[in-house]
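Note that the structure is a prediction, hence the values are computed from the model and not measured. A, B, ... follow the sequence lines: proteins, then strands. Residue 1 opens every chain.
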Protein chains: 2
Amino acid sequence: METNGAEQRRLLQSAASAGCGVERTLKVLDGKWTTLVVRELLSGPKRFGELRTALGSPSAKTLTDRLRALEHQRILTRTVHAEVPPRVVYRLTEQGESLSEVLYAMLRWGEEHPLTES
Amino acid sequence: METNGAEQRRLLQSAASAGCGVERTLKVLDGKWTTLVVRELLSGPKRFGELRTALGSPSAKTLTDRLRALEHQRILTRTVHAEVPPRVVYRLTEQGESLSEVLYAMLRWGEEHPLTES
DNA sequence: CCCATTGGTTTCCATTCTGAAATTATATTA
DNA sequence: TAATATAATTTCAGAATGGAAACCAATGGG
C-alpha cells in the first residue's frame, strides 16, 4: 500500500524536532559533493579517477574525505586492487543504494521546479 | 501510475552530471538549518520566534539569512503584521509544500537506517 | 520617562571547509 | 636509469560559514 500525501504530511508533522529521520539523512549526505558522489555511484561502481572527472574535479583531498566518510557510514565500500598503478573501486552498499529513493525525490522536485528567482 | 524502482534507477543514471534536478534541489536546501526550517513549516505557518525555538535556537542572523534565501526562491512567504511588538509570519508556498516529497523520503530513509557507525 | 517585547540588523571573530601544490609508493615500460 | 600512471596524503592558505553580542525601531504600560 502506497502512503498518500495526507499521510506523509501527518508523519512529517509529528517528527520530533531533534534527532528525527530527516536529520539523520542530512547527516549522512552532509558536505559539498557528498550527494553527488552517491548519485554517480548509482549507475555502478566507479574508480577514484572516474568519480573525480564525473563530478567536475573536486580536489583530491575533498573527494577522499567524502569517500572516507561515506565508507564509515557504510554507504559504500572501497576495494583496492593490488595492481600497478593501483586501482581503487567504490561501490554502493545495499544501504547506499537505498538512498536512491531520496535522490529520486530530489531529481523530480528539481526538474519540476526550475529556477524562479528574479 | 507509480514510477517503479527500476525506472527510478534508470532516470537517476541518465541525469546529466551538471545542472541536473538533484543539484537544483541541493541548491535550494543548502546551508545549515534550511531543510529543518521547511520541515517545521510543513505543520503550518510559524512566527520567527516560534521557528527559532522549534529548531533549537540557531542564531538570529543565521535564521534570518535562511528565511530570506528561501523567500527569494519562493519556497515561503513573509508576512509582517503591523502590530507592536511586530508579528512576522512565515508560510510555505505551494512550491515549498511540494518539498514534502523530498523531506518525506529523507524521513523514511533516516528511520529505516539508524546509525551503523563503529 | 523608562522599560518590555518582537524581529530584526550589524559587526566581529572563530571555526570549518575547500582547494592547490608538493610528495609518496610501486611495478611496468622505454 | 629514468619516466609513467593511479590514488592517495600532507601542508598550507584563503574563503565561506556560523554564532555571539550589541544595537535599533515602534508602541503600550507603569
Novice: What is the distance, rounded to the nearest whole Å, between atom CG of B:Leu63 and atom C1' of C:dT9?
Specialist: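 These atoms are roughly 13 Å apart.
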Novice: Check whether any side-chain N or O of B:Arg68 sits under 4.0 Å from OP1 or OP2 of C:dG8, and answer yes or no.
Specialist: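 Indeed, a polar side-chain atom of B:Arg68 lies that close.
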Novice: Need one value for B:Arg78: base, sugar-phosphate or nothing, where a base atom within 4.0 Å counts as base even if backbone is also close, heavy atoms only.
Specialist: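 Sugar-phosphate, backbone atoms only, no base.
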Novice: Can you tell me how far P of D:dG19 sits from CZ of B:Arg52, to the nearest Å?
Specialist: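 To the nearest whole Å, that distance equals 10 Å.
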Novice: Would you mind reading off the distance between B:Asp65 atom CG and C:dT11 atom C1', rounded to a whole angstrom?
Specialist: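 That distance rounds to 13 Å.
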Novice: Looking at side-chain heavy atoms only, is the closest gap between B:Thr79 and B:Arg91 below 4.5 Å?
Specialist: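 No, too far: nothing below the 4.5 Å cut-off.
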Novice: Are B:Leu99 and B:Leu55 co-members of a hydrophobic cluster defined by side-chain heavy atoms under 4.5 Å apart?
Specialist: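 Hydrophobic grouping puts B:Leu55 with B:Leu99.
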Novice: Going by heavy atoms in the side chains, are A:Gln95 and A:Gln73 under 4.5 Å from each other?
Specialist: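 The answer is no, as the side chains (C-beta and beyond) never meet within the 4.5 Å cut-off.
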Novice: In chain order, what residues pass the side-chain contact (heavy atoms from CB on, under 4.5 Å) check against A:Glu83, with sequence neighbours excluded?
Specialist: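 For A:Glu83, the residues satisfying side-chain contact (heavy atoms from CB on, under 4.5 Å) (neighbours in sequence not counted) are A:His81, A:Arg87.
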Novice: Would you kindly give the NE2-to-C1' distance between B:His81 and C:dG7, to the nearest whole Å?
Specialist: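 About 13 Å, once rounded to whole Å.
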Novice: For A:Arg47 and D:dA7, is the shortest distance between a side-chain N/O and OP1 or OP2 below 4.0 Å?
Specialist: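 Answer is yes, contact under 4.0 Å.
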Novice: Extract from the structure each pairing of a protein N or O with an N or O of nucleotides 13-16 of chain D at less than 3.5 Å, listing the distance.
Specialist:
none

Novice: Starting from C1' on C:dT6, measure out to CG on B:Leu67 and report it in whole angstrom.
Specialist: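 Going from B:Leu67 (CG) to C:dT6 (C1'), I get 14 Å.
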Novice: Report the distance from atom CD of A:Glu50 to atom C1' of D:dT6, rounded to the nearest whole Å.
Specialist: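 Rounded to the whole Å, the gap is 12 Å.
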Novice: Any side-chain heavy atom of A:Leu63 within less than 4.5 Å of one from A:Trp33?
Specialist: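 No, every pair of side-chain atoms sits at 4.5 Å or beyond.
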Novice: Does a side-chain heavy-atom distance below 4.5 Å link A:Val37 with A:Ile75?
Specialist: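 No, side chains not in contact.
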Novice: Round to the nearest Å and state the distance from A:Phe48 atom CZ to D:dT6 atom P.
Specialist: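 Roughly 12 Å, once rounded to whole Å.
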Novice: Please tell me if the side chains of B:Val38 and B:Leu76 come closer than 4.5 Å, counting only heavy atoms from C-beta onward.
Specialist: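 No, every pair of side-chain atoms sits at 4.5 Å or beyond.
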Novice: Rounded to whole angstrom units, what separation is found between the CZ atom of A:Arg87 and the C1' atom of D:dA7?
Specialist: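 Nearest whole value for this atom pair: 13 Å.
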Novice: Hey, are the side chains of B:Leu70 and B:Tyr90 touching, using non-hydrogen atoms and a 4.5 Å cut-off?
Specialist: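 A side-chain contact is absent here, since even the closest heavy-atom pair is not under 4.5 Å.
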Novice: Hey, what do you get for OG1 (B:Thr25) to CD (A:Glu112), rounding to the nearest 0.5 Å?
Specialist: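 Result: 9.5 Å between the selected atoms.
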Novice: Check this one for me: any side-chain N or O of A:Thr62 less than 4.0 Å away from OP1 or OP2 of C:dG19?
Specialist: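 For A:Thr62, the contact criterion (side-chain N or O under 4.0 Å from OP1 or OP2 of C:dG19) is met.
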Novice: What are the atom names and distances for every N/O pair under 3.5 Å that joins the protein to nucleotides 20-28 of chain D?
Specialist:
none

